[in-house]
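Worksheet: one structure, shown below.
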Amino acid sequence: MKKLTAVMITAILFFYGCGNEQDGDALTDDYEKGKMSVAEMEKKNPIQFLSVSGSDKKNILGQTVINGIMINNAKIASFKDIDIKLSFYSKTGALLEEDHEMIYETLSPGESKSFKSKYFAAKGTDSVGMKVIGAKAIK
């Protein structure tokens, strides 16, 4: 009876162990699929992973000088040709003018780059808002 019980327990453990094992290739495939889905998601939605901030000041010629920083928060995707919308506001917060600045740089994952632009902004401009509205994903 003891031998039969020992044989049954051994057989159960053997079949249970064989049924739960995944080979290394299956684990690698699952990892690659997950990695690809993250990359695809980042490439399809560059606006979610790119941010821009900066400051502005007037120069001696009366131009508004914008010093900005672009940041790529993506983990896998790189982006280029970043389109930034500039909004010029008065002291009271009224929108005076909008413009686009195309930055022809490449941003790798986790990278940040600075840029500088000069504009003859509308009279009464007190501040400038910046927002990324588009970019091209690098394949």
Side-chain angles (χ1 to χ4, degrees):
M1 181 75 170
K2 288 182 183 180
K3 286 185 180 181
L4 183 60
T5 305
V7 171
M8 297 270 295
I9 290 174
T10 305
I12 290 171
L13 290 174
F14 176 74
F15 288 120
Y16 179 75
C18 290
N20 285 337
E21 284 187 29
Q22 284 187 338
D23 60 5
D25 292 337
L27 290 174
T28 303
D29 290 342
D30 289 345
Y31 173 75
E32 290 298 324
K33 287 178 186 175
K35 187 171 143 184
M36 287 302 294
S37 65
V38 169
E40 289 171 0
M41 183 180 72
E42 289 177 352
K43 288 179 181 180
K44 287 181 183 178
N45 302 306
I47 296 169
Q48 291 180 334
F49 299 98
L50 294 171
S51 61
V52 65
S53 63
S55 62
D56 61 279
K57 65 180 182 177
K58 296 273 188 187
N59 67 8
I60 196 166
L61 300 174
Q63 293 174 314
T64 300
V65 180
I66 300 167
N67 291 307
I69 297 174
M70 305 173 296
I71 301 169
N72 181 357
N73 296 310
K75 301 294 182 200
I76 298 173
S78 296
F79 301 103
K80 67 177 185 174
D81 303 343
I82 297 144
D83 190 7
I84 298 172
K85 178 179 167 184
L86 302 171
S87 302
F88 298 90
Y89 296 99
S90 70
K91 286 183 181 181
T92 61
L95 179 63
L96 300 174
E97 182 180 353
E98 288 184 339
D99 207 341
H100 290 270
E101 179 75 19
M102 186 69 78
I103 309 294
Y104 296 103
E105 294 280 343
T106 300
L107 278 177
S108 299
E111 186 178 21
S112 64
K113 287 191 179 177
S114 60
F115 66 94
K116 185 176 186 178
S117 297
K118 297 177 184 178
Y119 286 91
F120 282 108
K123 187 175 180 180
T125 298
D126 182 62
S127 62
V128 179
M130 294 176 256
K131 180 180 180 182
V132 175
I133 59 170
K136 294 178 184 174
I138 298 175
K139 306 232 185 249

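- Judged as a ring-ring contact (aromatic ring centres under 6.0 Å, His included), and not counting sequence neighbours, F49 has no contacts.
- Between G134 and I47, the shortest heavy-atom distance links the atoms N-CG1, 4.1 Å.
- Here the shortest heavy-atom pairing between M130 and S53 reads CE-C, 3.9 Å.
- Residues S87 and K85 have side chains in contact (heavy-atom distance under 4.5 Å, counting atoms from C-beta outward).
- Within the 3.5 Å criterion, the main-chain N or O of K118 finds no donor-acceptor partner in the side chain of Q63.
- The shortest non-hydrogen separation linking I82 to A135 is CG1-CB, 4.0 Å.
- Taking all atoms of both residues into account, the shortest heavy-atom contact from L96 to A122 is CB-CB, 4.0 Å.
- I71 approaches N73 most closely through the heavy-atom pair CG2-OD1, 3.4 Å.
- A continuous path of hydrophobic side-chain contacts links L50 to M41 [ILVMFWY only; heavy atoms under 4.5 Å].
- For the pair V65 and K58, the minimum side-chain heavy-atom distance is 4.5 Å or more.
- Note that the OG atom of S55 and the CG atom of N67 stand 5.0 Å from one another [nearest 0.5 Å].
- Under the ring-ring contact (aromatic ring centres under 6.0 Å, His included) criterion, F115 pairs with no residue at all, not counting sequence neighbours.
- In this structure a side-chain-to-backbone donor-acceptor pair under 3.5 Å is present from N72 to S108.
- Not counting sequence neighbours, K80 has no partner by the side chain to side chain donor-acceptor pair (under 3.5 Å) test.
- Shortest non-hydrogen contact noted between A74 and P109 is O-CB, 3.4 Å.
- Looking at heavy atoms from C-beta onward, M102 lies in side-chain contact with D81 at the 4.5 angstrom threshold.
- Looking at I66 and E101, their side chains never come closer than 4.5 Å, going by heavy atoms from C-beta outward.
- Side-chain contact annotation: Y119 with E97, donor-acceptor N/O pair under 3.5 Å absent.
- Enclosure of atom CZ in F120 by more than 12 non-hydrogen atoms of other residues, nucleotides or ligands within 6.0 angstrom is indicated.
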K113 vs I103, side-chain contact (heavy atoms from CB on, under 4.5 Å): CA-CA, chis, key distance, verdict: CA-CA 10 Å; K113 287 191 179 177; I103 309 294; over 6 Å; no
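- The distance from atom CG of L86 to atom CG of D56, rounded to the nearest 0.5 Å, is 10.0 Å.
- Taking the side chain as every heavy atom from C-beta outward, I138 and F79 never approach each other to under 4.5 Å.
- The side-chain heavy atoms of V132 and M70, taken from C-beta on, include no pair separated by under 4.5 Å.
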